[in-house]
Amino acid sequence: MHDTRYSQLTCSQEKAVFHTEGPLLVLAGPGSGKTRVITYRIAALIDSGVRPYNICAITFTNKAADEMRQRAAALGASAGAHISTFHSLCVRILRRYAAQAGISSNFSVYDESDQSRCIKQAVKDSELDSTNFPPARMLEAISALKNNLVDVEAFEAEAEDFFSKTLARIYARYQQILNKHSALDFDDLLMKTAFLLRSHPAVCSELGDRFKFLLIDEYQDTNHAQYKIAKSLVSQHNNICATGDPDQSIYRWRGADIRNILAFEKDWPDATIVKLEENFRSTANILQAADNLIAFNQKRKEKKLVPTKPPGKDVAIKVFDDELEEAEAVARQVTELAEQGASLKSMAVFYRVNAMSRVLEEVFIQNRIPYQIVRGVEFYSRKEIRDLLAYLKVLANPSDEIALLRIINTPARGIGKTTIDKIRDYAARNHITLIEGLGRAAQIDSLSKASKARIAVFADMLNQFNKDITGQVAPLAERVFVESGLAESLRAEDTKEKGTLENVNELINAAARYDQQAEEPSLPDYLQQIALFSDADAYDASSDRVPLMTLHAAKGLEFGNVFIVGLEDGLLPHERSTNNEDELEEERRLLFVGITRAKAGLYISYARYRTVRGQMLRTIPSQFLYELGIEFGERCDENQYHHEDDDEDRQTPGEFVTGQLVRHKSFGVGTVKEFVDMGENSIVVVKFKTGQTKSLVVKYAGLSKV
DNA sequence: CATAGCCGCCTTTTT
DNA sequence: GGCGGCTATG
């Protein structure tokens with residue numbers, strides 16, 4: 001009955017695609033085609049007569065949204081369905097219903113560095129010391145509150161102890177500052193949308209009419225705010241389709257609540273659940289390793305990964321002396337695979353932290369292997385780009401003081417700190433914004449005549465720009481770049497290596513592309529869009545270079561051959577994520593995600609020494625290595641450099657040797673896998689008969705030799 | 001008021 | 001090892 005477009009779907013996939021009555025949850029493991037189910041479902045809905053306009057699909061990144069749009073188009077699903085991330089959807093809703101949401105529609109979206117400035121100001125305004133109240137910590141706490149839809153009033157009401165009360169003060173002040181700047185941070189986008197839908201039934205029902213079908217991919221990584229938004233949007237019709245895999249939840253630290261997917265059936269009691277257990281991506285050997293690993297997570301619904309492919313190659317676990325050797329081995333293997341005919345884009349290297357890309361990059365350059373670092377925000381954090389964007393931000397939203405302060409003396413035009421302080425002071429006393437203060441500079445007595453003149457020139461320039469800020473973005477950007485003096489000041493110090501001018505050109509080109517693609521190009525829309533740009537969005541799958549990325553950025557992707565480096569205790573699992581069992585389990589899921597990206601080849605490695613902050617340190621193998629159920633040689637190979645202290649390890653009387661049987665009072669009997677001599681702080685890694693592997697500090701562990 | 005140089009602080013993952 | 005902020009100097 002269905003046409004050939006759907007003929008390659010499996011039975012369960014077909015069920016999910018064509019299910020049209022009520023709520024639907026697709027519980028699916030890695031490589032089972034869940035994103036594909038959503039794409040096909042969009043096409044199937046349209047086939048059945050649903051207008052594309054009435055469909056809303058939520059993806060995890062903008063990149064994923066782009067891809068889904070293309071794939072849906074290839075299936076003949078006509079354009080018009082709304083496909084975007086949660087954050088982009090919220091921007092659209094908030095702009096459309098700005099009045100009801102109590103904000104202005106040209107709001108700025110503040111990124112991490114903007115937020116950081118605001119929070120520092122808030123801590124200072126609250127007359128608190130930033131050593132006792134570190135801004136980053138405060139921001140983290142506020143973010144968590146917003147993700148849980150706790151606004152300032154609610155938090156003030158519940159805050160009882162000293163810390164909470166202080167935090168409440170900072171939170172209140174922080175929101176005041178954002179308000180004054182007409183700015184929303186990432187979390188505000190969600191919180192304000194959730195509140196808008198909650199308190200304006202008319203808006204809620206209008207959107208419910210508009211989006212008659214809501215589809216959400218990667219549902220395991222939604223937070224409470226996103227859950228509430230979804231719930232509101234479908235409250236009239238319950239046409240929600242969510243897909244996800246609890247084992248791939250890796251954003252708990254950002255507020256993702258795994259209970260959303262686990263409790264789906266409670267939220268929608270008449271939900272249909274479709275399970276997709278077959279894996280069409282990886283070889284059986286790779287899946288076995290993934291399965292062995294994830295089985296160590298206690299808080300988990302057991303789920304089998306069913307391979308559809310033959311065993312394939314063995315998973316390789318390699319030990320290297322240091323990170324340089326590790327990187328060189330990756331490069332060698334990449335070259336070898338390439339010689340065997342694999343394309344560079346079919347491989348990928350994953351690591352836990354961005355800083356680890358450095359060595360890899362150097363080695364890849366040396367070996368002339370084309371690569372791409374998947375870091376989208378990098379481009380937008382360059383000074384010259386931020387400077388030009390700051391001009392545009394001020395034009396779009398004159399209240400944006402962060403942007404204004406950035407450009408007021410960039411390039412240098414003789415308006416220094418003293419002058420700015422005087423204007424800020426005046427503005428504060430008269431309850432006007434900084435930009436209004438600039439307009440009234442002539443009336444500020446403390447300013448010198450020369451300063452007043454310079455301010456007048458600057459204010460005049462902004463007014464000139466303001467005359468045509470409607471319509472296309474690229475021409476305006478170009479004009480601002482030249483007339484602001486930025487172009488000239490950059491030209492003076494630009495070199496071929498720095499390529500600052502080239503970067504600005506690229507920005508203007510990107511703006512031109514936006515102008516062509518957007519239905520209704522506008523400056524605020526453009527700025528709001530690029531603020532939501534993420535690392536993963538920078539991944540160019542079509543260019544034949546080896547992508548290097550964090551494990552987080554690898555989500556949703558797949559490659560023929562995958563390298564995962566730095567399987568060391570403190571790095572993966574990361575030391576900042578080992579405070580409790582939940583965090584450790586998330587680290588394990590992170591590695592699980594990395595492993596299951598691989599189709600045919602998987603190369604896992606660790607270095608016995610790693611340079612951290614300029615210091616070469618002895619490492620401990622990650623406990624996850626032992627959990628993969630793969631034998632690997634832990635001592636260094638014959639041909640590798642032999643470190644003297646290894647011999648000391650073995651000779652120190654009373655200490656432990658690899659292979660030694662030991663007994664622990666609660667874990668029982670186990671085998672010593674690694675001994676790290678650090679005097680009285682020595683650490684021993686033991687694999688216990690229970691299957692667990694633990695890193696123990698010798699002096700506390702109370703181990704007895706068997 | 002601009003600039004250079006130094007000190008001290010932080011350093012996971014990201015929409 | 002990198003950046004932001006502060007200070008000293010021109």
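For clarity, every value in this text was computed on a predicted model and none was experimentally measured. In what follows, every chain begins at residue 1, and chains take the letters A, B, ... in the order their sequences are listed.
If you take CZ of R610(A) and C1' of dT12(B), they are 14 Å apart, rounded to a whole angstrom. Residue R352(A) contributes atom CZ, which lies 7 Å from atom P of dT13(B) at whole-angstrom precision. If you measure from atom OH of Y110(A) to atom C1' of dT14(B), you get 20 Å, rounded to the nearest angstrom. One atom, NZ of K449(A), and another, C1' of dC1(B), lie 20 Å apart when rounded to the nearest Å. When rounded to the nearest whole Å, the span between CD1 of I530(A) and C1' of dT14(B) equals 17 Å. Summarising the geometry, the separation between CG on L571(A) and P on dT11(B) is reported as 16 Å, rounded to the nearest angstrom. At whole-Å resolution of the value, CG in L591(A) and P in dT13(B) are 17 Å apart. dT13(B) atom P lies 9 Å from atom NE2 of H552(A), rounded to whole Å.
Here the options are R69(A), Q70(A), K63(A), the test is side-chain hydrogen bond (donor to acceptor under 3.5 Å, both in side chains), and the partner is D66(A); only R69(A) passes.
For H87(A), counting side-chain heavy atoms from C-beta on, the closest listed nucleotide (dG5(C), dT14(B), dT15(B)) is dT15(B). For R358(A), the listed nucleotide lying nearest its side chain is dG2(C); candidates were dG2(C), dT15(B), dT14(B). The R454(A) side chain lies nearest to dC1(B) when the options are dC1(B), dG2(C), dT14(B). The side chain of T85(A) lies closest to dT15(B) when the candidates are dT15(B), dT13(B), dG2(C). Listed nucleotides: dT14(B), dC1(B), dT15(B). Nearest to the side chain of F186(A): dT15(B). Comparing dC1(B), dT15(B), dT13(B) against the side chain of T418(A) picks out dC1(B) as the nearest.
By the criterion of a centre-to-centre distance under 5.5 Å and near-parallel planes under 30°, the ring of H574(A) forms a stack with the base of dT12(B). The aromatic ring of F60(A) does not stack onto the base of dT15(B), failing the criterion of a centre distance under 5.5 Å from the six-membered base ring together with planes under 30° apart.
Residue N409(A) is in sugar-phosphate contact alone, with no base atom involved, counting any heavy-atom pair closer than 4.0 Å across all strands shown. At a threshold of 4.0 angstrom between heavy atoms, the contacts of N62(A) with the nucleic acid are absent. Within the nucleic acid shown, F86(A) has no heavy atom closer than 4.0 Å to any nucleic acid atom.
At dT12(B), none of the side-chain N or O atoms of N354(A) fall inside 4.0 Å of OP1 or OP2 (strictly under the cut-off). OP1 and OP2 of dT15(B) both lie 4.0 Å or more from every side-chain N or O belonging to N223(A).
A salt bridge links R610(A) with E568(A): at least one charged nitrogen is closer than 4.0 Å to a carboxylate oxygen. Look at D221(A) and R252(A) and you find no salt bridge, because none of the NZ, NE, NH1 or NH2 atoms lies under 4.0 Å from a carboxylate O.
Residues V457(A) and R413(A) have side chains not in contact (no heavy-atom distance under 4.5 Å, counting atoms from C-beta outward).
Between the base of dT12(B) and the side chain of R576(A) there is no donor-acceptor pair shorter than 3.5 Å.
Under the 3.5 Å distance criterion, with hydrogens and angles disregarded, a donor-acceptor pair is assigned to the side chains of D525(A) and Y514(A). T35(A) and D217(A) share a side-chain donor-acceptor pair at under 3.5 Å.
DNA chain B is contacted by both S451(A) and T550(A); S451(A) maps to the nucleotide lying nearer its 5′ end (nearest heavy atom per residue). The residue among S577(A) and I420(A) whose nearest nucleotide of DNA chain B is located toward the 5' end is I420(A).
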